[in-house]
Amino acid sequence: MIFQFSNPLLFLLLGLIPLILLINHGTRVEAARWRSVTTLVLRLGAVLCLILALVGTQQREREDLLSVVFLLDVSDSVPLSQQVKGIERIHTAVDALKPTDAFSVLFFAGQASIRLPMQPKAEQGHLTPDILSDTAFNRDATNLAGAIQLAMNIFPEERQKRMVLLSDG
């Protein structure tokens, strides 16, 4: 179970608790010990509930883990300069990911090929433009459906899924 707070700065209001304890200690009301302790606990509970409401406490079932598959078209219809720009765009997008977010890079033309497997960003290797010359498959065609099908098969079940397509068509 995970909690998320929309206004965590309002936790500074917890500084009111020592003030309430000080006021309670200075009160000279004659009452049974159990009654004064119960009253103090109820007041502190009410203040704590109010603070938790103000900070926007929300319960989440699990952390939002994201997985992204980048599909880069490396067919002959896409010039090499555009393919290099595609790798630069992938780097920009990866920089925005959290270390726990996972990503994969898939190249496609006539068939699709996984160039970086699905792993968390912190464990992932680095993609360089040199990898464009390493792809040894049919570049005459563009099989977008096959690339999307392969991408769908490598997504982990327990994560949010995103697919980023970089293509000319």
Side-chain angles (χ1 to χ4, degrees), residues 1-17 47-169:
M1 184 177 344
I2 296 171
F3 291 98
Q4 178 179 343
F5 307 104
S6 58
N7 300 316
L9 190 60
L10 291 177
F11 271 120
L12 293 174
L13 293 174
L14 289 173
L16 293 175
I17 291 177
V47 168
L48 184 62
C49 287
L50 178 64
I51 292 171
L52 290 175
L54 288 174
V55 297
T57 305
Q58 297 174 348
Q59 179 182 344
R60 305 195 72 166
E61 289 300 318
R62 61 183 171 93
E63 185 180 356
D64 290 332
L65 298 173
L66 180 65
S67 59
V68 182
V69 176
F70 296 97
L71 294 93
L72 180 62
D73 187 348
V74 293
S75 64
D76 287 337
S77 64
V78 179
L80 183 60
S81 63
Q82 292 298 317
Q83 294 175 17
V84 171
K85 282 186 181 178
I87 289 179
E88 291 169 2
R89 287 187 176 162
I90 291 171
H91 281 293
T92 302
V94 166
D95 288 343
L97 294 175
K98 296 183 294 190
T100 55
D101 292 337
F103 75 95
S104 177
V105 177
L106 189 144
F107 286 176
F108 71 96
Q111 68 267 9
S113 171
I114 298 172
R115 304 316 294 175
L116 289 178
M118 182 67 70
Q119 289 182 342
K121 176 184 170 182
E123 301 171 15
Q124 192 64 275
H126 199 67
L127 185 66
T128 61
D130 302 340
I131 200 166
L132 292 169
S133 62
D134 292 345
T135 55
F137 49 86
N138 180 12
R139 293 178 179 248
D140 300 4
T142 302
N143 184 359
L144 181 57
I148 291 174
Q149 184 63 43
L150 179 59
M152 293 301 292
N153 289 336
I154 63 175
F155 276 123
E157 288 298 319
E158 70 280 356
R159 293 177 172 259
Q160 292 184 17
K161 300 163 180 59
R162 301 285 186 273
M163 196 178 302
V164 179
L165 176 64
L166 302 161
S167 177
D168 63 342

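All values reported here derive from a predicted model rather than from experimental measurement.
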Non-hydrogen atoms of Ser75 and Ala141 that approach each other most closely: CB-O, 3.5 Å
Asp168 and Gln82: CA distance, side-chain angles, deciding distance, side chain to side chain contact (heavy atoms under 4.5 Å, CB included) verdict: CA-CA 9 Å; Asp168 63 342; Gln82 292 298 317; over 6 Å; no
Closest non-hydrogen atom pair between Pro120 and Pro99, with its separation: CB-O, 3.9 Å
ring-ring contact (aromatic ring centres under 6.0 Å, His included) contacts touching residues 68-90 (sequence neighbours left out): none
Which atom of Asn143 lies closest to which atom of Phe108, heavy atoms considered: O-CD1, 4.0 Å
Residue Leu9 excluded, over 12 heavy atoms near CG under 6.0 Å: no
Lys161 NZ: over 12 foreign heavy atoms closer than 6.0 Å: yes
For Arg162, side chain to side chain donor-acceptor pair (under 3.5 Å) partners two or more places apart: Gln160
Sole candidate of Leu150, Ile148, Ile154 that passes side chain to side chain contact (heavy atoms under 4.5 Å, CB included) when paired with Met152: Ile148
Shortest non-hydrogen separation from Thr100 to Arg159 and the atoms involved: O-NH1, 3.1 Å
Side chain to side chain contact (heavy atoms under 4.5 Å, CB included) partner of Leu50, the single match among Val47, Leu54, Leu48: Leu54
Nearest non-hydrogen partners of Pro117 and Gln124, listed with the distance: O-NE2, 2.8 Å
